[in-house]
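Quick note on labels: first sequence line is chain A, next is B, and so on, each numbered from 1.
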Amino acid sequence: AQSVTQPDIHITVSEGASLELRCNYSYGATPYLFWYVQSPGQGLQLLLKYFSGDTLVQGIKGFEAEFKRSQSSFNLRKPSVHWSDAAEYFCAVGALNAGNMLTFGGGTRLMVKP
Amino acid sequence: DTAVSQTPKYLVTQMGNDKSIKCEQNLGHDTMYWYKQDSKKFLKIMFSYNNKELIINETVPNRFSPKSPDKAHLNLHINSLELGDSAVYFCASSQGLSNQPQHFGDGTRLSIL
């Protein structure tokens, strides 16, 4: 069975600083991976996805993520954080052989200091 | 134009009651899902339907019964509500059972008194 670990429950960064959110996955086959963002009281919005090919993927709102098979990681990065980026971030792994079921990590809450 | 819409947004009820949450998507997708998010923000799949057929049924009590009248709708009925059912329930949809991303509704916050 697949699993996802987001080691950091909370992260606080200053506005304008760079950001990296960690994600480690466990899956027996080639994974497909997602990052979603959840603002308070809202649903989940897709930031980016990785299926195959180039291991550095670009997403919306200036985010990018890099797939590293050797480290089983899919970390999310942004070079300069804006106050509006404060939210909960979820990494997820999808399973083709399980009805497209998504397994989510526990989430990382990002707080942005002015 | 809301892509995945859920009603109601908030649901407050007493233990033992029966309630339903409705979900509709206008994206033309053929696969729909229900997820439960607990108080610690942990998200877990409950059900998945493809072309109105049940595909995933995780270890969910049989008090929870999904119904898909057509590809655009997946409703969730819950019998004999318990305190532990308090959570946010998210509906999602995608195209097919391949690696297409899922689109989420805004959630229904269920509170059991």
Side-chain angles (χ1 to χ4, degrees), chain A residues 1-6 8-11 21 23 25 27 29-53 57 59-60 65 67 74 87-111, chain B residues 2-10 21 23-25 27 29-51 53-60 66 74 87-109:
Chain A
Q2 62 268 29
S3 66
V4 179
T5 302
Q6 294 180 244
D8 305 304
I9 297 174
H10 296 102
I11 282 187
L21 302 182
C23 172
Y25 70 90
Y27 185 55
T30 300
Y32 53 101
L33 297 153
F34 305 89
W35 274 100
Y36 285 87
V37 59
Q38 183 181 27
S39 298
Q42 301 293 314
L44 282 77
Q45 181 184 21
L46 179 70
L47 285 176
L48 47 78
K49 58 185 185 286
Y50 170 78
F51 296 154
S52 63
V57 293
I60 62 170
F67 170 62
F74 187 57
E88 192 91 22
Y89 290 80
F90 292 93
C91 180
V93 62
L96 275 172
N97 61 351
N100 200 31
M101 181 179 81
L102 286 183
T103 299
F104 285 87
T108 297
R109 174 164 290 183
L110 172 65
M111 290 170 279
Chain B
T2 304
V4 182
S5 59
Q6 300 177 225
T7 53
K9 191 172 177 65
Y10 299 97
I21 306 172
C23 179
E24 175 182 5
Q25 54 94 5
L27 297 167
H29 291 163
D30 60 4
T31 307
M32 296 184 72
Y33 312 80
W34 277 109
Y35 288 85
K36 179 180 179 180
Q37 186 175 46
D38 63 22
S39 59
K40 296 183 178 179
K41 300 283 188 180
F42 184 68
L43 272 158
K44 187 171 169 56
I45 184 79
M46 298 174 70
F47 301 103
S48 163
Y49 271 73
N50 174 254
N51 284 314
E53 288 194 20
L54 181 65
I55 302 298
I56 296 172
N57 183 356
E58 288 296 285
T59 49
V60 177
L74 180 62
V88 181
Y89 293 84
F90 285 99
C91 178
S93 73
S94 69
Q95 183 55 36
L97 291 170
S98 61
N99 53 10
Q100 294 306 306
Q102 296 176 22
H103 298 256
F104 285 78
D106 285 343
T108 296
R109 182 174 293 277

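Contact tally against chain A (heavy-atom pairs below 4.5 Å) for B/V88, B/N50, B/L43: the top residue is B/L43. Here B/Q100 is the residue among B/K44, B/H103, B/Q100 with the most heavy-atom pairs under 4.5 Å with chain A.
Atom CG of B/L54 has more than 12 neighbouring heavy atoms from other residues, nucleotides or ligands inside a 6.0 Å radius. Applying the 6.0 Å contact sphere to NZ of A/K49 captures no more than 12 heavy atoms from other residues, nucleotides or ligands.
Annotation: side chain of A/L102 is in contact with side chain of B/Y35 (closest heavy-atom distance under 4.5 Å). You'll find the side chain of A/F90 reaches within 4.5 Å of the side chain of B/Q37, heavy atoms only. At a threshold of 4.5 Å between non-hydrogen side-chain atoms, the residues A/F51 and B/P101 count as touching.
Here B/D38 pairs with nothing under the salt bridge (Lys or Arg N to Asp or Glu O under 4.0 Å) rule; sequence neighbours left out. Under the side chain to side chain donor-acceptor pair (under 3.5 Å) criterion, A/R109 pairs with A/E88, sequence neighbours left out.
Atoms CD and CZ, from A/Q45 and B/F104 in turn, are 12.0 Å apart once rounded to the nearest 0.5 Å. Atoms CD and CG, on A/Q42 and B/D106 in that order, are 5.0 Å from each other to the nearest 0.5 Å.
For the pair A/Y36 (side chain) and B/Q102 (backbone), a donor-acceptor distance under 3.5 Å is present.
The contact between A/Q38 and chain B is made entirely by side chain atoms (from C-beta outward), counting heavy-atom distances below 4.5 Å.
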